[in-house]
Student: 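Dropping the structure in here first, questions after.
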Amino acid sequence: MKNLKNEEDQLLSEKVDGFLTANVQRRSFLKYAGAGAASIALLAAGCKKDMNSDDMGVSFGTGDTAVLNYAYALEQLEAAFYIQVLNFPYESMNANEKSLLTDIRDHEIAHREFFKSAIGANAIPELKVNFSTINFNSRDSVLGTAKAFEDLGVSAYNGAGQYIALGDYLVLAGKIVSVEGRHAALIRDLISNGTFADNTVIDAMGLDKSRTPQEVFAIAGAYVVTKLNLNTLPG
Amino acid sequence: MNIQNIIDEIEKVDANIYDRISPRRKAMKNFFNIGSKVALSAVPLALGSMFNKAYGQTTGTIVDVLQFALTLEYLESDFYDTGLKSAGLIPSGAPMGAITTICQHEKAHVKFLQDTITSLGTTPVTKPSFDFTAKGTFPTVFSNYDTFLAVAQAFEDTGVRAYKGQAGNLKGNAGVLTAALNIHSVEARHASHIRQMRKAQGADVKPWITLNNSGIGAVVNNVYAGEETTMQAMLEITNINGQAISANAASEAFDEPLTKDQVLQIVTPFLA
């Protein structure tokens, strides 16, 4: 597969070079056009061979980059959500709630921008989100979604820790996940005081949840429009 | 102790646990079948040697971390247990319910860590005697609700920082690392709620740590030292990439780790 991919890249670059070259004869043009068609065929074969169905979206990269991009994707989703929450506050949002939700929004933006800068050139693009299923006028809908996102975020970081190779990145993920845990507890308490760590999230051994990237996107995917290719994510 | 539970728990995050322990999963199944028939006391040692084999030389470090974590969990569970038994200290209703929930988690953590350490072939450290007044620093810890909550906040925030500081030492064992992370986020949830309980009592605190403010006083400065940073991986988070992020928010957005020595310095006054 790797060879095919190289060949395909080479064909594509030859094609581009060809078009950029001034003297393109009709005959050469046909040749290049043919190369293009061949590369598309190779691409299709590649998809069929080692990727799940037609799942050819944004790639997360490999190794630690993949895990960092995974976190970046989740932080993008959370930040976008809270920005919307504060742009269109539900009617009953009091000053205390507004202050807390504003803090959370700023934390999520800080996380998002941190990952964007830290990953640099290998960062995934800005994801397109769709929150049409959320009623931003409804406190129940907003806080219910916030709870789902925060619990999901905690379980995502908890589940990803084991795949991080570099110790410094593991500590960074740890620095963020506890803040997500603080958010989750607060949101839960806003919905119903005392549910900060109830038995829907904490098991009999006193352990929080962990989820694999696949499990996380099975839930978060409902809000992401951008097509994501999960093939290089661990788990 | 429930060995199968521990292995199941580890398997959730380390699918290769059975392979690590034995190349043949079937052999493990056989082990458990035999294990249920032989004296249970013989099992921890056998299991411990299997884990040693599975995870090699890192087991020593990992056990050290778990013993350290167990000591902190003893501290917390004993603290809440004593608080719950102190008549008139915790108001009935929501506060009593929350402290009861937290105490149950800390007790569960103690048991989980004891079982895990035992399964790694080591005897868990015994519970030390505690002095929750910290040699007289908090004389009303079990008679004044606000003092009790202040000490609780310091313990929970310390717990969060302590687990975070040890994560790197658990990298050799995916199962134990994930379990530790799963405890770490529970401590964060506790910290968040205790802080809200203090806020309800009039303390100037949020669920998250703003700079190195504790809302308690200089006696807990060690607990919050370093939390004020706004730099992460050499990136300034305040107003990062042109976003309006205040220094407060920048510090709140990341919790900081503590080294084992820093944690021991905080905890030592509470040892009788």
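Protein chains get the first letters and strands the later ones, always in sequence-line order, with residue 1 at the start of each. Worth knowing before you read on, the calculation uses all heavy atoms, side chains too, and leaves out hydrogens, waters and symmetry mates.
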Student: Are A:N96 and B:K199 packed together at the side-chain level, in the sense that at least one heavy-atom pair is separated by less than 4.5 angstrom?
Tutor: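 A side-chain contact exists here, since the closest heavy-atom pair is under 4.5 Å.
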
Student: Using every non-hydrogen atom in the two residues, find where B:A233 and A:L172 come nearest and quote the distance to one decimal.
Tutor: CB-CD1, 4.0 Å

Student: Non-hydrogen atoms of chain B under 4.5 Å away: do they reach the side chain of A:R112, the backbone, both or neither?
Tutor: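 The side chain, not the backbone.
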
Student: So, does A:R182 use its side chain to make a donor-acceptor pair with the main chain of B:P207 at under 3.5 Å?
Tutor: yes

Student: Would you say the ring centers of A:H111 and B:F254 fall short of 6.0 Å from each other?
Tutor: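 They qualify: ring centres under 6.0 Å apart.
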
Student: Measure from the side-chain N and O atoms of B:K171 to the backbone N and O of A:I164, and report whether any donor-acceptor pair falls under 3.5 Å.
Tutor: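 Yes, B:K171 side chain to A:I164 backbone: donor-acceptor pair under 3.5 Å.
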
Student: Checking A:L170 against chain B: side chain, backbone, both or neither under 4.5 Å from a heavy atom?
Tutor: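 For A:L170, the contact with chain B is made by the side chain alone.
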
Student: Do the side chains of B:T101 and A:D198 get nearer than 4.5 Å, heavy atoms only?
Tutor: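 They are not in contact (no side-chain heavy atoms under 4.5 Å apart), so the answer is no.
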
Student: Between B:A250 and chain A, with a heavy-atom cut-off of 4.5 Å, which part of the residue counts as in contact: side chain, backbone, both or neither?
Tutor: neither

Student: Between atom CG of A:D208 and atom OG1 of B:T178, what is the distance when rounded to the nearest 0.5 Å?
Tutor: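 Answer for the CG-OG1 pair, A:D208 versus B:T178, is 12.5 Å.
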
Student: For the pair B:H109 (side chain) and A:G206 (backbone), establish whether a donor and an acceptor sit closer than 3.5 Å, ignoring hydrogens and angles.
Tutor: yes

Student: How close do B:N182 and A:K209 get, heavy atom to heavy atom, and via which atoms?
Tutor: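 Smallest heavy-atom distance, with atoms named: OD1-O, 3.5 Å.
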
Student: Most heavy-atom pairs under 4.5 angstrom with chain A, which of B:H184, B:H190, B:E187?
Tutor: B:H184

Student: B:N241 and A:S117: side-chain donor and acceptor closer than 3.5 Å?
Tutor: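 There is such a pair (donor and acceptor under 3.5 Å, judged by atom type) between the side chains of B:N241 and A:S117.
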
Student: So for A:L166, is it side chain, backbone, both, or neither that comes closer than 4.5 Å to the heavy atoms of chain B?
Tutor: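 Just the backbone, heavy atoms under 4.5 Å.
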
Student: Heavy-atom distances under 4.5 Å only: say whether A:A173 touches chain B with side chain, backbone, both or neither.
Tutor: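 Contact with chain B involves no heavy atom of A:A173 at all.
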
Student: Give a yes or no on whether the backbone of A:M205 and the side-chain of B:K111 come within a donor-acceptor separation of less than 3.5 Å.
Tutor: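 Here the side-chain-to-backbone pair does not exist.
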
Student: So for B:Q232, is it side chain, backbone, both, or neither that comes closer than 4.5 Å to the heavy atoms of chain A?
Tutor: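 Its backbone and side chain both get close to chain A.
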
Student: Check this for me: A:E126, atom CD, are more than 12 non-hydrogen atoms of other residues, nucleotides or ligands nearer than 6.0 Å?
Tutor: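 Open: at most 12 neighbouring heavy atoms sit under 6.0 Å from CD of A:E126.
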
Student: Is there a side-chain contact between A:L207 and B:V186, using heavy atoms and a 4.5 Å cut-off?
Tutor: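 Result no, sub-4.5 Å side-chain heavy-atom pair not found.
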
Student: Would you say that A:F114 contacts B:I237 through its side chain, given a criterion of any heavy-atom pair below 4.5 Å between the two side chains?
Tutor: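 Side-chain contact under 4.5 Å: yes.
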
Student: Count the heavy atoms belonging to other residues, nucleotides or ligands that lie under 6.0 Å from OH of B:Y74, then report whether that count exceeds 12.
Tutor: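 Enclosed.
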
Student: Based on non-hydrogen pairs under 4.5 Å, which of B:N239, B:L170, B:I209 is most in contact with chain A?
Tutor: B:I209

Student: With rounding to the nearest 0.5 Å, note down the distance linking CG in B:L235 to CZ in A:F115.
Tutor: 11.0 Å

Student: Any non-hydrogen side-chain atom of B:N248 less than 4.5 Å from a side-chain atom of A:D103?
Tutor: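 When only atoms from C-beta onward are counted, A:D103 and B:N248 do not touch, as no gap falls below 4.5 Å.
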
Student: Can you confirm whether A:D203 sits close enough to B:F112 that some side-chain heavy atom of one is under 4.5 Å from a side-chain heavy atom of the other?
Tutor: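 A side-chain contact under 4.5 Å is absent here.
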
Student: What's the spacing between A:F196 CZ and B:I194 CD1 if we round to 0.5 Å?
Tutor: 7.0 Å

Student: Looking at B:A98, B:S185, B:A249, B:G168, which one has more heavy-atom pairs under 4.5 Å with chain A than the rest?
Tutor: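 Answer, by heavy-atom pair count under 4.5 Å with chain A: B:S185.
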
Student: Grab the two heavy atoms, one from A:V171 and one from B:P257, that are nearest each other, plus how far apart they are.
Tutor: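 In terms of heavy atoms, the two residues are closest at CG1-CG, 4.0 Å.
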
Student: Tell me, with the steps shown, if B:R189 and A:D189 meet salt bridge (Lys or Arg N to Asp or Glu O under 4.0 Å).
Tutor: CA-CA 10 Å; B:R189 288 174 187 268; A:D189 281 339; over 6 Å; no

Student: Taking all non-hydrogen atoms of both residues, which atom of B:A188 and which atom of A:S178 are closest, and how far apart?
Tutor: CB-O, 3.3 Å

Student: Please identify, among B:K107, B:E252, B:H193, the residue contributing the most non-hydrogen atom pairs under 4.5 Å to chain A.
Tutor: B:H193

Student: Side chain from CB out, backbone as N, CA, C, O: work out which of these in B:R195 comes under 4.5 Å of a heavy atom of chain A, or both, or neither.
Tutor: side chain

Student: Is the number of heavy atoms from other residues, nucleotides or ligands under 6.0 Å of A:K98 NZ greater than 12?
Tutor: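 No, NZ of A:K98 has 12 or fewer neighbouring heavy atoms, counting only those of other groups under 6.0 Å.
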
